[in-house]
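Order of the sequence lines fixes the chain letters, A, B, ..., with proteins taken first and strands second; residue numbering starts at 1 for each chain. Keep in mind that what you see is a predicted model, and the values were worked out from it rather than measured.
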Amino acid sequence: MTKTVIDVRDARQTFMISAGAFRGKRPLHAVNGVSITIDRGEVLGIVGESGCGKTTLAKMILGLLQPTGGDILLEGRPITELTRLEVARLLQPIFQDPYSSLNPRKSVGNIISLPLKVQKDPHPESWRERVEEKMALVGLAKRLYNLYPNQLSGGQRQRVAVARALVNRPQVVICDEPTSALDVSVQSQILNLLQDLRYQLNLTYILISHNLAVVEHIATRVAVMYLGRVVEEADTASLFERPQHPYTRALLESVLTPEPALGVPDTQLGAAYPNPVAPPSGCTFHPRCTQVMNHCSRIAPRPVATETGHVECHLYAADQGKERAIS
Amino acid sequence: MSAPNPTINGTLAGAPVVAQILEPSPGAILRRRIFGHVGLVLGGAFLVLIIAMALLAPFLAPHDPLDQELSRKLIPPIWHDSPKATWEHPLGTDLFGRDYFSRLIYGSQISLLIGFAAMLISGVIGTTLGVLAGYFGGRVDMVVNFIITTRLSMPVVLVALAVVSLIGNSLWIVIWVLGLLIWDRFAVVMRSSTQQMRNLDYVAAAQALGCSTFRIIVTEIMPNILNNLIVVATVEMAHAILLEAALSFLGLGVQPPAPSWGLMIAEGKGFMFFQPWLIGIPGAALFILILSINLLGDGVRDVTAPENQN
Amino acid sequence: MADRILEVNNLTVDIPVPSGMLHAVQGVSFSVGRGETLCIVGESGCGKSLTSLAIMDLLPANASRTADKLEHDGVDILNIGENRMANIRGNTMGMIFQEPMTSLNPAYTISNQLEEALLRHKKVGRGEARERAVFLLEKVGITAASNRLRQYPHQLSGGLRQRVMIAMTLMCGPDLIIADEPTTALDVTIQAQILLLLAELQKEFHMGLILITHDLGVVARVADRVAVMYAGQLVEQGTATQVFENPTNPYTQGLLDCIPIPGKTARGAHLGSIPGIVPSLIGDLNGCRFADRCPYAKDECVAKDIEFRAAFEAGHSYRCVLSPEVCAKNAQRKLIA
Amino acid sequence: MFIYACKRFGVAVLVAITVSLLSFSLIYLSGDPAMALAGESATSEDIENIRRVYGYDQPIMVQYVDWLSRVVQGDFGRSHYLKREVAEVIFERLPTTMLLGACALGFAILLSIPLGVLAAIRPNTIIDRLALTLAVVGQALPSFWFALILIFWLGITWRLLPITGTASWQNFIMPAVALGYYVTPAIMRLTRAGMLEVLSSDYIRTARAKGLKPATVLFKHALRNAIIPVVSLAAVQFGFMLGGSIVIETIFAINGLGFLAWETIQRGDLPTMQAIVLVLACFYIVLTFLADMLNAFLDPRIRVA
């Protein structure tokens, strides 16, 4: 058993999209060279604004999208060599919207036992028992077994989705905005549940969220994505206490905690999120950066190792240290 | 309820949290809606009656629909104030003296057979094309779209007439020609419904569980587009029946002496001024059949419409 | 208060549904002053959006609205009829909606949609309207405004569209703006920018602002005063500091407990949660709506409707059978636990 | 916009070519075309002769290209039945059918769009129910039967309108109604559904929040967007009606393309049949192309990239 469960090496995903309706197709680098490793027992938070490629990355790891470049290794084996069923046994997703992630024509029992069916589990007689066991684990009463999704509340539905993901005992659960569609009071229930399950079942999570407070609360390590690249990666404490990348800092400033005295932060992020089809040159963040330097628009920064991870910013490149000190 | 609930600071993962049932099951909702829908019940009831009439034709019809008796031709129906009207021929006779009531009953067999069979053929073609295009998108979608556009640009009545006139007309040829021509609506509707379902997370969840594409289409997508399929099926069944009637009316569908309703109208056309029932009765039968099929289809659409679901 | 721009007293909204009467809003009362920001906060289905639509008289046709008092700038707007209400809407009272992507008409240019309201309400020429549109677009931080005017909504990003929406509401110089979840559909960095913009514009034009949101963080940072809604009723009202520092109603307390606060909530610890779900608002409602989820519920809670009562500080009030002292103690105990 | 038009045009041409291939292949449906042409009493020598003269001994693709190149030049061959140039006959008959189709579509649109809009602004009222009932009943009426009923009452019993021919504008009333009523339900339903959807959209709420007059909201903001899918449908339905004109023209003895089709189909007059199928199909293709362009004009999301 290796320590690393998922090893993403320079993964790329390029979509050909029609740019502005009729100008022919243009490449959109949704994921543009992401390298990241996830160790057993870790909770990796991936944060970033919409369009930064976090969901695309998750789909690639789940095997739902073939990377157009780079490798993804699951337990040391390239994902391309694994069958769909093998990938499914290893990792499972939980989606954002529990209203669309459950088939409305299937009962709760049917939904949760589907993974067993698909994996051709050899003990069909034990299915019901195992499903009910998982239902109890996620806090669903047994008598919900024969109900349909429309008969459940949003929180219950999300619990069904969690139970479905867990019934085959995967190693890794990829949660894509698991609480964004839920009300605050339900959100905390699901977060608590995910926390409990993590310890009980020894799970590894990839938590994709735009809600930094949630990520801070649950994740052990955080990767910040911007326009298809991980611009900063560090363990949660250092990232939230000593953010390095100007984008990370802006993101953290934008988090609105319920503290009335603080007022609305001014993030100084002038321009809007760039069009991913025509990304800015050099460092893709330079048009919005408050500490932009001359060469930022020309040269793309390389990853620089930090205490607990890495950052992609010219401010921290070895040859830029002096310049920074002067300015 | 008087004691403070200690679980407020964190529910245990194992504890049942919410047990309130919000809604009855989809099946129960559907049953309630079906029987609350006047059009659906009415259309369904009439259709069942007509189907029963077709199946029991040999027992219901008082005469052989093909039996000619020229001495008894053009007897008016029973409600006509005419000395010739007789209960032996409640709906009168046509110009060959054939019993109109029996012809009407046997005619329902032809209409229903053509409607069902042509709907099945076109349904299989159209649904296959539509679901494949909607599910796979990209090139497949482009090709299917092209086929649909091409098909739509061919005028149905004209092509059907031309083909039937060229390869001869029997009941089954009419059925196949219609079936091969009217699948476009199936394809269009199934394509867009599949596209909608395709992008929902439960399809992605099924993929992530390792389900095969076939399984996803059959067990995840099809049940959710079945309601649209039924609606289109009723529309196309009605369409096929009307087309057959029109073809027969123009003399290029079902051949005489078969008791096709369209043919009966065509045969009665020349006598419509003095014997208007000759076109009135088969036309009304056709109208009621199509109306009940359409009511059924509209009803299915209404009771399964998502905006009523919440 | 003379400069009360909006006063709402005992506002009720009922909507007939197949299974009975849905009491979406029940007896909501509040007021907003000039230059003041009131945030109405609550979870989905609590009636906060319908409250805002009821004020604007934009409720769905089958909904019925009653109130003891609904005054805009001292003028009754409850029974003035559709024509006179239309003269107020978009003129002295503006509204911003949640979905910037769908709130602009795809078929018309930005300039057309911006100028439309001004041309409708004020006696101005097209040139003047164009000038005002350019002025306001620049005001809301849109560069190259005269170029943007020629564009269609689909050519703008979500953040830009929301800025256009804000500019559109400002066209006639309203004295009250109602913003219904204006930043929910936007990314966090854009959200902060839009909120900052709204706050600045509100100060500059000295408008009343009602901001409706489910996001407690937004509320805390933006609001002068806060009204918390639950199941169609207001349950607590006060200044932002009062509500967030001394939440008194058990629901408000529970809600604040649910959200992780970086730096304050222990990382990885269990968050607070509220068991159960929101009650159905269909049919007759009695007693405290929160009773079946409340950890402090007593028999008297379900017996009769609960009245608002004053908390310790002036201007802070809440709906509960428990006294302010008991509530404060409960909040303390929870912090320790 | 220009590139969009070019792309659409390309697809249209491709569809037209495919349709021409299909209508050409009609020849082979009956088996050996030479045999069919020669008639039953022909000797095998006659058949060989015909085969050579008409080029049926050539490979099919050669025949097709040959036929198509002549068609493009406006030469559809000679009608066996009418003993005239097919193109000549078609261009003689086409205007009548177009006029009938346009009248029918005009009738359908004038009836269905106002009705659909009314039903949508007053959903679940008597107007709405009435409109829906009309739609359900309309869709169930076989058009040839309805035409006969019209003739029976308006033409024969009350003698209000002439029943056959194309002598005056009054001759077109009944055929246009009989042809147009059948597409009315579809257009009405789509208008109603489109209006209902648009009226509940966020931008209509925005328009109302701006205090705009109800008429402005309805006509400027709602109808403009709701009408977009109706344009496409109307084009499609116009195509259907040209096809359906065969029934109506036969009943009312209107000397148009449909009547011609019926006459020639009964006589197995292949070149004319092929030509009519091709002409109607091309007309439909042009129509949908124009509808696409009109939609692009109405919807800036298509027009402005």
The interface call for Glu43(C) against chain A, heavy-atom contacts under 4.5 Å, is both
Glu177(A) meets the salt bridge (Lys or Arg N to Asp or Glu O under 4.0 Å) criterion, sequence neighbours left out, with none
Heaviest contributor of heavy-atom pairs below 4.5 Å to chain C, chosen from Ala219(A), Ala237(A), Ala261(A), is Ala237(A)
Ile261(C) side chain near Pro258(A) side chain, heavy-atom distance below 4.5 Å: yes
For Phe290(C) and Tyr251(C), take the angle between the two ring planes, folded into 0 to 90°, and tell me which bin it lands in: parallel under 30, tilted 30 to 60, perpendicular over 60. perpendicular
Salt bridge (Lys or Arg N to Asp or Glu O under 4.0 Å) pairs touching residues 197-213 of chain A, sequence neighbours excluded, are none
Are there over 12 heavy-atom neighbours, none belonging to Asn202(A), within less than 6.0 Å of that residue's CG? no
Checked Val255(A), Asn211(A), Val184(A) vs chain C; the most non-hydrogen pairs under 4.5 Å come from Val184(A)
Across all chains, not counting sequence neighbours, the salt bridge (Lys or Arg N to Asp or Glu O under 4.0 Å) partners of Lys54(A) are none
Turns out that what part of Val219(C) lies under 4.5 Å from chain A's heavy atoms comes down to neither
NE2 of His217(A) to CG of Leu212(A), rounded to nearest 0.5 Å, is 14.5 Å
Is it the case that the ring center of Phe285(A) lies less than 6.0 angstrom away from the ring center of His245(A)? yes
Ordered numerically, the heavy-atom neighbours of chain A under 4.5 Å found in residues 196-216 of chain C are Leu196(C), His214(C), Leu216(C)
Item to complete: Kindly indicate, with the supporting measurements, whether the criterion side-chain contact (heavy atoms from CB on, under 4.5 Å) is fulfilled by Asp224(C) and Thr239(C).
Response: CA-CA 6 Å; Asp224(C) 296 319; Thr239(C) 65; over 6 Å; no
Cut-off 4.5 Å, heavy atoms of chain C, and the answer for Thr236(A) is both
Greatest number of non-hydrogen atom pairs under 4.5 angstrom with chain A, of Gly141(C), Gly45(C), Ser44(C), falls to Ser44(C)
Whatever's closer than 4.5 Å to a heavy atom in chain C on Gln195(A) counts as side chain
Review point. So, Glu241(A) and Arg267(C), do they make that salt bridge, N to O below 4.0 Å?
Key: yes
Turns out that what part of Ala223(C) lies under 4.5 Å from chain A's heavy atoms comes down to neither
